[in-house]
Amino acid sequence: MSFNIHKNYGGVAVIKIKITSLVIGLILGAGLGLYGNIDDDVMAAKTDSQTTKIVKQAKSLSQQYQYKEAKSVLSGHKGTTVDHLKKSINKQQSKLVTWDDPTKISHLFFHSLIVDPGKAFSSKQAQGYKDYMVTIDEFMPMLNQLYDNGYVLINFKDIISIDKQGKVTFKPVKLPEGKKPLIISQDDVNYYEYMKNSGFADKLVVNKQGDVKNQYTNNGQKKIGDYDMVPIIDTFIKKHPDFSYGGSKGVIAETGYNGVLGYRSSKSQYGDTKTTHREAKKATKVANAMKKEGWQFASHSWGHINMTTASVDDIKKDTALWQKEVQPIVGKTPVLIFPFGADIGSFTNYTNDNAKYTYLKSSGFSIFDNVDASQTSWGQLTNDYYRNARINVDGIRLHETMTGENTVLNDFFNTKDFYHRDK
């Protein structure tokens, strides 16, 4: 190494270093291994990064009770962190409780959540909204208490298997002690025309980040955010992943006469136009994003018909419309949620003598949901179908809970903590 010294700037010495020989020395030193093997260091860094990624993935799976899948991700990998996680998963698996009784699957359902009670409860539909809806401010404490009380969200895909011949099989769910499976569904997620300017969201949308949110219009100003159940639960589970079994969220029941998910896509109602085609395309984008995030769709009939009183021919016409206008958007589904909770039979088994049942079964439906708030759960399983009863969570049920007339919701949350409408 050589130095050239120059006098500049009032006699201050400035040293100019020729670094050529220094660089050569460093290169030779690295080649001789004096500073370690660069390739080995790079490989070690890559391995550490891969292990961190694998551990993170396995932890996410185990948080949502997918222990088998978590162990599969860790398979073939070693290290202190990996071995510790494997041991932890094995310990959790050894203490799981099996839920294998199809009559013990609780199911709560809601309608669209009220964003602005002042508008909703002073509108033309005020009494209906008071009776059949809950507000966001009421829903959030319910959600927190369900989580605190050990409930875990599942949907029908987690517990029901249907083969190509239509044979139905119940799949047990395994959860840690103290955890309980729960289905949550929401009816009429269509944002009907009559709800406009009444304190409800307008529609579901996919934002720039790819998340499903609501559009809500307030005094002419459009906002995007968590203004109904779907994005609220999505956000809640991001914070509390153990509230979901394998990423499952809930079941969304769709009609079709005002379109789907807030989009006026019905050709029979609005015409076969560029607008309805465009609306259907937008709704399909939202539906696909929802399914990807763990939501399951159900038929709620096309015209919200009462299937107890409707004729077989009326059910056939309605089902044909649902399959033509709604199914292409949300996809095929084996789930039928009866409008009004109006079942096609009594609580005894369906039989092939029931023409409504045989038609609906032949149309692809094998899971049927009625309403029964007399007990915390009810189910009926045969080789051909699964029936599951839902409990309505609305103004009527909350009021009856407060008065003690019906106490079924006490197993899920404490209504007195958040329901103040009667005061």
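Both backbone and side-chain heavy atoms feed into the values below; hydrogens, waters and symmetry mates do not.
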Cationic tip of K179 above Y147 ring, under 6.0 Å, 45° of axis: yes

Point-to-point distance, once rounded to the nearest 0.5 Å, from OG of S88 to CG of D83: 12.5 Å

Pair Q209, D211: side-chain N/O donor-acceptor within cut-off below 3.5 Å: no

K86 atom NZ, over 12 foreign heavy atoms within 6.0 Å: yes

Distance-only donor-acceptor check, side chains W295 and D234, under 3.5 Å: yes

From K316 atom NZ to L360 atom CG, the distance as rounded to the nearest 0.5 Å: 10.5 Å

Pair S374-D372, side-chain donor/acceptor within less than 3.5 Å: yes

K87 side chain reached by H84 side chain, heavy atoms, under 4.5 Å: no

Verdict with reasoning, S112 to Y192, per side chain to side chain donor-acceptor pair (under 3.5 Å): CA-CA 10 Å; S112 294; Y192 296 124; over 6 Å; no

Donor on one side chain, acceptor on other, D101 and T103, under 3.5 Å: yes

Rounded distance [0.5 Å steps], CG in D202 versus CE in M195: 10.0 Å

Sub-4.5 Å side-chain heavy-atom contact between K213 and T235: yes

Pairwise side-chain contact, I184 with F110, heavy-atom cut-off 4.5 Å (strictly under): yes

Donor-acceptor under 3.5 Å (D187 side chain, A253 main chain): no

Chi angles and distances behind the side chain to side chain contact (heavy atoms under 4.5 Å, CB included) call for F200, I114: CA-CA 5 Å; F200 294 90; I114 297 169; 3.5 Å; yes

Gap separating the OH atom of Y132 from the CD atom of Q127, nearest 0.5 angstrom: 9.0 Å

Donor-acceptor pair, side chain of K356 and main chain of G345, under 3.5 angstrom: no

Salt bridge flag under 4.0 Å for residues D411 and K180: no

Side-chain H-bond candidate by donor/acceptor type, Y385 with Q380, under 3.5 Å: yes

S62 vs Q92, side chain to side chain donor-acceptor pair (under 3.5 Å): CA-CA, chis, key distance, verdict: CA-CA 9 Å; S62 62; Q92 292 177 66; 5.1 Å; no

Ring geometry between F109 and H111 (parallel below 30°, tilted from 30 to 60°, perpendicular above 60°): perpendicular

Greater than 12 external heavy atoms within 6.0 Å of K267's NZ: yes

Carboxylate-amine/guanidinium proximity below 4.0 Å for R387 and D343: yes

Rounded distance [0.5 Å steps], CG in D131 versus CD in Q125: 11.5 Å

Flag for Y350-T382: side-chain donor and acceptor within less than 3.5 Å: no

Qualifying residue for side chain to side chain contact (heavy atoms under 4.5 Å, CB included) with S106, from L182, V408, I391: L182

Donor-acceptor contact below 3.5 Å, side chain E138 vs main chain F418: no

Student check: side-chain heavy atoms of K282 and V286 closer than 4.5 Å: no

Rounded distance [0.5 Å steps], CZ in R390 versus NE2 in H107: 5.0 Å

Flag, side chain of E254 to backbone of F297, donor-acceptor distance under 3.5 Å: no

Any side-chain heavy-atom pair of Q64 and I237 under 4.5 Å: yes

Of all pairs that satisfy ring-ring contact (aromatic ring centres under 6.0 Å, His included), the ones with a partner from residues 320-345, not counting sequence neighbours: H304-F340

Check: D228/Y191 side-chain N/O donor and acceptor closer than 3.5 Å: yes

NZ/K56: more than 12 non-hydrogen atoms of other groups inside 6.0 Å: no

Over 12 non-hydrogen atoms of neighbours within 6.0 angstrom of NZ in K317: no

Y386 and D369: side chain donor to acceptor below 3.5 Å: no

Distance-only donor-acceptor check, side chains S363 and Q323, under 3.5 Å: no

Residue pair N388 / F156, side-chain heavy-atom distance below 4.5 Å: yes

Minimum side-chain heavy-atom gap V152-V173 below 4.5 Å: no

Candidate list D137, D226, N214, I136, test side chain to side chain contact (heavy atoms under 4.5 Å, CB included), partner V115, passing option: I136

Any K119 side-chain heavy atom under 4.5 Å of N218 side chain: yes

